[in-house]
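Residue numbering restarts at 1 for every chain, and letters A, B, ... go by the order of the sequence lines.
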Number of protein chains: 2
Amino acid sequence: MSQNHRPTIHEVAKVAGVSISSVSRALNGNTSNTEMVERVNDAVRQVGYVPSVVAQSLKTRHTGQIAFAMEDIGNAAYLAMVREIQPTLRDVGYRLLLHSTGADVEDELGVLDSLSQNYVDGLVLCPLRVTERHVAALRDTPVPVVVIGLLPDDVPVDNVRADSRVGAGMAVEHLYEAGARRIGFIDGPVDTVPGHARYEGYRRGLDACGLPFDEELVEFADFQFEGGRHGARSLLARTDVDAILGANDLIAVGALHVLRELGRSVPDDVRVIGMDDTTVAATGFPPMSSVSLGSADRGRIAAQLLLRRLDGDTSPPERVTVPPSLTIRESTL
Amino acid sequence: MSQNHRPTIHEVAKVAGVSISSVSRALNGNTSNTEMVERVNDAVRQVGYVPSVVAQSLKTRHTGQIAFAMEDIGNAAYLAMVREIQPTLRDVGYRLLLHSTGADVEDELGVLDSLSQNYVDGLVLCPLRVTERHVAALRDTPVPVVVIGLLPDDVPVDNVRADSRVGAGMAVEHLYEAGARRIGFIDGPVDTVPGHARYEGYRRGLDACGLPFDEELVEFADFQFEGGRHGARSLLARTDVDAILGANDLIAVGALHVLRELGRSVPDDVRVIGMDDTTVAATGFPPMSSVSLGSADRGRIAAQLLLRRLDGDTSPPERVTVPPSLTIRESTL
DNA sequence: ATCCCGGCAGGAAACGTTTCCGGGATGTGC
DNA sequence: GCACATCCCGGAAACGTTTCCTGCCGGGAT
């Protein structure tokens, strides 16, 4: 908290004895006269000049900022994305703005609307759901947007997605191969995009293995540790299983705890697998297998796609799907 | 991606048949003529006007943005802070910029320097270390800064800190009361601020309990899960313990795993406690006790302090210490 | 009826840059 | 030595707001 007046380009010009246009050119590398450049640099040092990014933004019409909007940065999948997006952007000089929208769809739309305020050059968006208003807003957004998650095919926006349907299917098949025949499934809320996709994947996985679908085996819960515990308790109170698939790692770890409380051994009595392959999977006990949905990859790819657009690429919208993969640990051996 | 020209205040003025000054006044609530306000609002709707925050920032000299800089958003403690800071700021209309500096002190100083670019109105900073250059930069920062973490007393900047020294001491005393007499300690790197403070706390805790200090009982590691595993292996290969304090939860959970591998029961043979009280503590097995250092509280308080400064408060720098507390779970019963 | 005062709206300047444009100097080719 | 092209630099406009200042109008008091 200090001097009341930061030096502007005018002061630099005065000290250097040149015009402000020359200062600007010198600083932006648009002059070939090295003596001029030196004089300007000296003056810059002397007065301690730092350009105002706000004024630059106003003039150049870009801000050097990119926003990332998701539901909750506390969610490990989004966290993994941020950890890739931030360095990717920073390396090329962009700053990252974080919007946690909470479970509020209005807030999410608010972010989209606010893009017209021109405070960012682009947006990476992880929508909770995709409503018609989303589609409308995405159709004529004032800045490039990349959506991570499911998106109707006709929305002209770059899109990177995981295939959690396939991922859930893979998990089921993996459990089947490990010997499981009654595979319980604790899903997240079915009215969310991932909840729905994983439910489908579970069913397809059963089909692929020739196992019958039994709705007794399915439980719905929050995507949280406590959700997983409640889900597992209800499930196990109702029926018996020899494997459990959790729709994410927290749910699965919750199930792990309940199984121990009930004295069931993992993996000998019951195999357990989660999804997202986050830290809690590795640190759980026993170390838990999980379906990696490539969150980090999706984040990085989204950032790269966005940067391409900002570079002026006008090719048709891209649609990238990151394939899931299994990380096998002790809970399904 | 759409229309090449967003409407400006001039268009609104033209449509409304008034001057741009009147539009500005109407939009900012600086006019009492309700008919004027209505006419302007109608025109705004008609042309789809959205103010340019960049132009506003240039004129008003504030940006509505606040930066949060820390080492790594992947660190659960920082994550907890962001989760409090972001909503706190958003509720009063500020946007949050995220700077993960990595382990790079230069980068951290770069953030401080970049404040002169005036792209944010304030900064919440979690410094890795506090060098003289930090102090110099903090002494005359162009915008308010709140530092989370240790800070020399004479730096005139708001400061909120945890007392991890006391926290580590509490952990030791808790273990002692639970019956432990040989308490191992797996610290983080001792040249980091938290590593050092926790080391001191550990020693003071021993003193308070009348236990002798034995350097055989101390191991240094990364603040990570793998670090905890390595540290625990070395420690247990060298000597025997009846309790382990991990300098953070990941370290402690790593120790938990090693103990199980070695067939030592927790908490019966060895009690384990971590620090930071993050998700992995609750989801570990057995659920692990941890010293809460109030990360969320610190984040919220820091944000509130910053907002007060931005509101024009010029009272002397504030120094807030958030007291640690114990969260007891099964690993120390 | 005149004067004064208050309120309200419009014009214009300012925020700090970048960039267009034009003029003077310099250099090149005849 | 002259014409012409080239290069550089300075002046000025522009980006889209907010706000100061001025002038106008109307109303109340004398």
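Of the residues in residues 11-28 of chain B, those lying under 4.0 Å from DNA chain C by heavy-atom distance are B:Val18, B:Ser19, B:Ser21, B:Ser22, B:Arg25.
If you find the closest nucleotide of DNA chain C to A:Asn30 and to B:Ala55, the one lying nearer the 5' end belongs to B:Ala55. Where B:Lys59 and A:Tyr49 meet DNA chain C, the nucleotide closest to each residue was compared, and B:Lys59 sits on the side nearer the 5' end.
Side chains of A:Asp313 and A:Ser315: a donor-acceptor N/O pair is present below 3.5 angstrom, by distance only.
Electrostatic pairing of A:Arg95 and A:Asp121 does not count as a salt bridge here, judged by no charged N lying under 4.0 Å from a carboxylate O. Under the 4.0 Å criterion applied to side-chain N and carboxylate O atoms, B:Asp107 and A:Arg90 are assigned as salt-bridge partners. Between A:Asp42 and A:Arg39 there is no salt bridge, since none of the side-chain N atoms of the basic residue sits less than 4.0 Å from a carboxylate O of the acidic one. A salt bridge links B:Arg133 with B:Glu106: the distance from a Lys NZ or Arg NE/NH1/NH2 to an Asp or Glu carboxylate oxygen falls below 4.0 Å.
Taking 4.0 Å as the cutoff to heavy atoms of chain A, we find the contact window on DNA chain D bounded by D:dC8 to D:dG16.
Under the Watson-Crick and G-U wobble criteria, each requiring two contacts below 3.5 Å, nucleotide D:dT30 is paired to C:dA1.
Looking at B:Gln304 and B:Arg300, their side chains come closer than 4.5 Å, going by heavy atoms from C-beta outward. Counting only heavy atoms from C-beta outward, the side chains of B:Ile301 and B:Leu305 approach each other to under 4.5 Å.
Within the nucleic acid shown, B:Val53 has no heavy atom closer than 4.0 Å to any nucleic acid atom. Residue A:Ser57 is classed as having no contact, given no heavy-atom separation below 4.0 Å to the nucleic acid.
Atoms CG (A:Leu58) and P (C:dT19) sit 12 Å apart, rounded to a whole Å.
Judged by distance alone, the side chain of B:Gln86 and the main-chain N or O of A:Leu98 form a donor-acceptor pair under 3.5 Å.
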